[in-house]
Novice: 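Structure in C-alpha cells, see below.
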Amino acid sequence: MGREKDAKGEEKVKHKSLKLKKLSGDESAGAGGDAIGNSANSDKSSKKIENGKVRKKAKTASAQADNSEQAETAYEDFVMKKKTLKKPVIVEDDPLEGHSASVSERIKEEPEDENADFIPKNKGQKRKRIKEEPRECLSPTPSSKKKLKQEVDEFPSQKKKTKKKSEKSVKKEEEEPATVSKKPKRSKEDIQEAKLLKIKKKEEEEQNRWRWWEEEKYEDGVKWKFLEHNGPYFPPEYQPVPDSVHFYYNGKPVKLSPSAEEVALFFAQMLDHEYTTKKVFRENFLKDWRMEMTPEERSLIKHLNKCDFGEMHAMHKAKVEARKNMTKEEKQAVKDANQKIVDMFGYCLLDHHKERIGNFKIEPPGLFRGRGEHPKQGMLKKRIQPEDVIINCSKGSRVPVPPAGHHWKELRHDNTVTWLASWTENVQGSIKYIMLNANSKLKGEKDWEKYEVARKLKTCVDDIRYQYNQDLKSKQMSTRQRAVALYFIDKLALRAGNEKEEGETADTVGCCSLRVEHITLHDQLEGNECVVEFDFLGKDSIRYYNKVPVIKKVFKNLKLFMENKEPGDDLFDRLNTQMLNKHLTSLMPGLTAKVFRTYNASITLQQQLKELTNKGDNVAEMILSYNRANRAVAILCNHQRAPPKTFEQSMANLQAKIDTRKEQLTLAKSELKQAKKEAKSKGNSDPKLQTLVERKKAAVKRCEDHLLKMELQATDKEENKQIALGTSKLNYLDPRISVAWCKKFGVPLEKIYNKSQRDKFAWAIDMTDEEFEF
DNA sequence: GAGGCGACTTAGGAAGTGGCAA
DNA sequence: TTGCCACTTCCTAAGTCGCCTC
C-alpha cells in the first residue's frame, strides 16, 4: 500500500506539464481572463503541475423533480410515498472483532416494527411475500463452513476452476431442473413430466417473486430495514505444486517457497496470454513477485527471462484438460458441492425476502489485468483475509461467522448503503463490494429510477438544446466550452470524462477530458462541411473513431479552443465534469451527463423500432428489426467487442448451409413443378396426385422459410461482427420500450430477453402495456 | 472550492454450458 | 455420440457522481 502512495506522489503529468502556462484569476474576474480569443491555458492544467494529480468533484443535485404530466404513473406514486416515512436507522461502526456470538449479544434489536414497513400498495393483490427462509440456509456454523470448503477443495482434479464451472451449471439446474442430469434415455412420459415440472416451477417462481415495485419506497437514503447474510465466500488456500513439477532459473531447478511459488503459478497460468509478453506487465510482475520471495530467492532470481515456468504451465494445462474430461459422476459431484456453496453464501435476507447476491466470492489473488496500456498491469493482487473485510448487516440479524481462527475487520450496520461486505484492494487502493444480484429490489429500484430521470429529460431536452445553442455564442469562454461539450455529449453520447490520476491508469478520456490531439478539424471532408474527426481511447481503452459534421458555431468554437495549444493540452481547459453536472442539475433536478446517454439510447431504440418494424413481418424478421434498432444504439454508444475468434469460420459454415438450402429449394421447386404437371395431365382428378402436389408445396414453403431464416441470421451476424449489443440492452435501453414492442407486435419476450434479463426487468415486464411511450 | 473517498453503474473478456448438426 | 459454436454467466476493471473534510 505504501508503495502506491509513493507512486501517486511521484508519477506526474507528462505531456501537459511542460507546456501549460498558468492563467490568473477565475473567469468571473472579468472578460480579460475568460474572454473569447483568450484561449491560452488553464487553471486546471496548472493545478496538475502543482499537485501532481487532479480530481475534482461535483455539487450535489437536489432530489426529485416536479411531477410532469406523464411520470404520473406508478413511479411518481412510488417516489411520493417515501416522503412520509421515517428517518434512517442510525449507523454505527462497530470495530468489534472476533467471534460472532459475542457480536450478536452486543447488537440490539431493531427498534422499528418491521411489518409496518411492508404495507402493500394494493392490499390483497398479487404481491406475495416469500415465507421466511429456513434459518439454517443463511446461518452456517463454523464447522459446517469448514466442512463444506473441504468438500469442494478436495474434489478430484481441479478445485478452484472446476468449482466455477459447476456452479454455473448448477444455476441452470435451478432454472431448468428437468433438463439437467442426462439419464441414458428418457421415455415420452419422462419428457412430458419434465415439461410439466418446468411449467410448474415457472409458475411458482412467478408467484414467489417479490413485487417490490408495488410497495412503498423508503424515505431518502434508506436502502433496507433488515439485512442478514452469511458473509463472503473465501477462495481456497493455496496448495503447493507436486514435487515433480519444477521451476527452473537459469536452467537449474529451484524449489520455491510456497508464497513465491503461488505467485509464480499465477504467471505460469497466463503464459498463453498476450499479457505476459508485455514489458510493463513483466516488470510489474517481477517486482511484486520478488517481494513475495525469501531473501535467498530474491538474491538468486533477478531476471524474468531466465525463468522457466514451462512445467508449471504444463501442469496447469493438464488440469484444465482433466477438468474437461471428468466423468459425468465427477462433474455431478462438483456441481453438488458448489450448489452447497451457493446455497450457503449466495443469498441474503433483505427485508425478509430472499435475494440473490451478485458476487458473493472474495476475489482470489492473482495478477492484475488492467485494460489497454495500464501502468499497473502484472502487479500482484494479494489474497484477501477476513481481517480485511468489513461486514454490513442489520442490528439484530445473525452476524456472519468468519472462517475459523479469523475475525472481520469491522462490523457495520449501515442501512444507507446496499453492500453486504467490502474490502480495499491493494493494486489501486479502491474499495470492492459484495452486492446484490441485478434482479434484486435494490438494483431494480435504482434502474427504474434511472429510466424515469431519462424520461423526464425528454420533456425538457428541447429547452436544454436551445440553451446550449445560445451558449455557443456566449462571451464567457467557459460557457462556450460547456456548450460545445454538451453538444457532443448530446449528439454523440460521449461519456462525461472525469479527470484521472495520470500514471495510475491507462490514458483514456471522455468528453471533458478530451485533448487537442484527439480531434482533427476539416473544413471539408467527404462532401461535408465542418467535420470533426475524433480519435481517442475511451473507457476500457476502446477506441472511439468518428467523423462528424457539426454546426458552424461548434466548429468555429473548436478552432478557437485549439488556438495556441499543443496536442497534449486539454481541449476544454475551462471545464470539468463537476461544473458541467452542476449546470445540468440546475436545468433539471437529477440531470447529469450520463443521463443523456440513457435518454439518447432509449429514444433511439424507440424511434428505430417505429421505423423498422413492419406489421406483416414474421417473428424472425421482427427480431432482425429489433437487433438492428439495438445495434443503432450500440453504435451510438460505441459498444464494441473483439470479433469472435471463430467468426470467419462460422460465417463460412453458415454460408455453406445457405447454399445447400438453396439447392434443396431448387430441387423442391422442380419436384413441385413435376407433380403439378402430372396432376394436370390426369385432369387434376387423381386425389393421390393432388396430395402429392400439396406435399411438394409444403416442402417448398418449408425450404423457403428455412432459407429466409438463415439469410436473416447471416445478415444479423455480419452486422454484429464487432458490435456488442448486450451492454446497451442491459444498461441503457428502458426495458419498457422492448416489452411494449413485444406486446404490440406479438413477439415472444423470450426472443428479446433471456431468463436472467427477464428477471432483471421483472418490474418493467409486469407494469408495461403495449401503449407505453418512453 | 478543491480534493479525496465511497458507492454505485457500466463494460468487455473469459469461462462455462447446452443445443444441435454431423 | 461427439464436437462445435452460440449463448449465458461470471469476473472484475473502469467509469460516473455525490458526499465529506479541510
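Labels below follow one simple rule: chain letters A, B, ... track the order of the sequence lines, proteins then strands, and each chain is numbered from 1. Remember, it's a predicted structure, so these values are computed and weren't measured experimentally.
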Novice: For DNA chain B, whose closest nucleotide is more 5', that of A/Ala724 or that of A/Leu442?
Specialist: A/Leu442
Novice: At less than 4.0 Å, is any side-chain N or O atom of A/Asn437 found next to OP1 or OP2 of C/dC10? Yes or no.
Specialist: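 For C/dC10, OP1/OP2 do not have a side-chain N/O of A/Asn437 under 4.0 Å.
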Novice: With sugar-phosphate meaning primed atoms plus P, OP1 and OP2, does A/Leu730 contact a base, only sugar-phosphate, or nothing at under 4.0 Å between heavy atoms?
Specialist: nothing
Novice: Considering just the side-chain nitrogens and oxygens of A/His639, establish if one lies under 4.0 Å of OP1 or OP2 belonging to B/dT10.
Specialist: no
Novice: Would one find a side-chain N or O of A/Lys223 under 4.0 angstrom from OP1 or OP2 of B/dC8?
Specialist: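 Yes, A/Lys223 has a side-chain N/O under 4.0 Å of OP1/OP2 on B/dC8.
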Novice: Does the pair A/Lys317 and A/Asp272 meet the rule for a salt bridge (Lys or Arg N to Asp or Glu O under 4.0 Å), with working shown?
Specialist: CA-CA 10 Å; A/Lys317 292 196 86 168; A/Asp272 286 335; 3.4 Å; yes
Novice: For A/Gly538, answer base if it contacts any base atom (sugar-phosphate contacts may also be present), sugar-phosphate if it contacts only those atoms, and nothing otherwise; contact means non-hydrogen atoms under 4.0 Å.
Specialist: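 Result for A/Gly538 = sugar-phosphate.
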Novice: Toward the 5' end of DNA chain B, which comes first, A/Asn638 or A/Tyr433, by nearest nucleotide?
Specialist: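 It is A/Tyr433, whose closest nucleotide lies nearer the 5' terminus.
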Novice: Would you say a side-chain N or O of A/Thr508 is under 4.0 Å from OP1 or OP2 of C/dG15?
Specialist: yes
Novice: Could you give the CD-to-C1' distance, from A/Glu449 to C/dC17, as a whole number of Å?
Specialist: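 It is 14 Å, rounded to the nearest whole Å.
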Novice: Quick one: does any side-chain atom of A/Asn437 pair with a main-chain N or O of A/Arg356 as donor and acceptor, under 3.5 Å?
Specialist: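 Looks like no, no N/O pair under 3.5 Å.
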Novice: Within the pair A/Lys443 and B/dT9, is there a side-chain N or O less than 4.0 Å away from OP1 or OP2?
Specialist: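 True: A/Lys443 side-chain N/O within range (under 4.0 Å) of B/dT9 OP1/OP2.
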Novice: Look at A/Gln428 and C/dA14 and indicate whether a side-chain polar atom (N or O) is within less than 4.0 Å of OP1 or OP2.
Specialist: yes
Novice: If you look at every strand shown and take non-hydrogen atoms under 4.0 Å, does A/Thr418 touch a base, only sugar-phosphate, or nothing?
Specialist: sugar-phosphate
Novice: Ignoring hydrogens and geometry, is there a side-chain-to-backbone donor-acceptor pair from A/Lys450 to A/Asn731 under 3.5 Å?
Specialist: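 Yes, because the side chain of A/Lys450 sits within donor-acceptor range (under 3.5 Å) of the backbone of A/Asn731.
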Novice: Polar atom pairs between nucleotides 3-5 of chain C and protein, under 3.5 Å, N or O only, would you list them?
Specialist:
from: C/dC5; atom 1: OP1; to: A/Asn653; atom 2: ND2; distance (Å): 3.1

Novice: For C/dT8 and A/Ser756 - does any side-chain N or O of the residue sit under 4.0 Å from the phosphate oxygens OP1/OP2?
Specialist: no
Novice: If the threshold is 4.0 Å, N to carboxylate O, is there a salt bridge linking A/Asp388 and A/Lys382?
Specialist: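 A salt bridge is absent here (no side-chain N lies under 4.0 Å from a carboxylate O).
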Novice: Report yes if at least one side-chain N or O of A/Asn581 is closer than 4.0 Å to OP1 or OP2 of C/dC17; otherwise report no.
Specialist: yes
Novice: Do any side-chain nitrogens or oxygens of A/Asn359 fall under 4.0 Å of OP1 or OP2 in C/dC11?
Specialist: no
Novice: Would one find a side-chain N or O of A/Thr592 under 4.0 angstrom from OP1 or OP2 of C/dC17?
Specialist: yes
Novice: Does OP1 or OP2 of B/dT9 have a side-chain N or O of A/Tyr732 closer than 4.0 Å?
Specialist: no
Novice: With sequence neighbours left out, write down each residue that passes ring pair (Phe, Tyr, Trp, His ring centres under 6.0 Å) with A/Tyr732, or none if nothing qualifies.
Specialist: A/His639
Novice: Is there a side-chain contact between A/Lys539 and the phosphate of B/dT9, meaning an N or O under 4.0 Å from OP1 or OP2?
Specialist: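 A/Lys539 to B/dT9 OP1/OP2: no side-chain N or O under 4.0 Å.
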Novice: With a non-hydrogen cut-off below 4.0 angstrom, is A/Gly497 in contact with a base, only sugar-phosphate, or nothing?
Specialist: sugar-phosphate
Novice: Taking for each residue the nucleotide of DNA chain C with the nearest heavy atom, is it A/Ile362 or A/Ala593 whose nucleotide lies nearer the 5' end?
Specialist: A/Ile362
Novice: For a 4.5 angstrom cut-off between non-hydrogen side-chain atoms, does A/Ile341 reach A/Phe360?
Specialist: yes
Novice: Determine whether a donor-acceptor pair (N or O, by modelled atom type, separation under 3.5 Å) exists between the side chain of A/Asn392 and the backbone of A/Asp414.
Specialist: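 Confirmed, A/Asn392 side chain pairs with A/Asp414 backbone.
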Novice: A/Thr418: what forms a side-chain contact (heavy atoms from CB on, under 4.5 Å) with it, not counting sequence neighbours?
Specialist: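 So A/Thr418 forms a side-chain contact (heavy atoms from CB on, under 4.5 Å) with A/Lys223, A/Met435, A/Leu442.
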Novice: Closer than 4.0 Å, any side-chain N/O of A/Lys361 to the OP1 or OP2 of C/dC10?
Specialist: no
Novice: Provide, to the nearest angstrom, the distance between the NZ atom belonging to A/Lys500 and the C1' atom belonging to B/dG3.
Specialist: 18 Å
Novice: Taking only the side-chain nitrogens and oxygens of A/Arg371, find out if one of them lies under 4.0 Å from OP1 or OP2 of B/dT10.
Specialist: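 No, because none of the side-chain N or O atoms of A/Arg371 sits under 4.0 Å from OP1 or OP2 of B/dT10.
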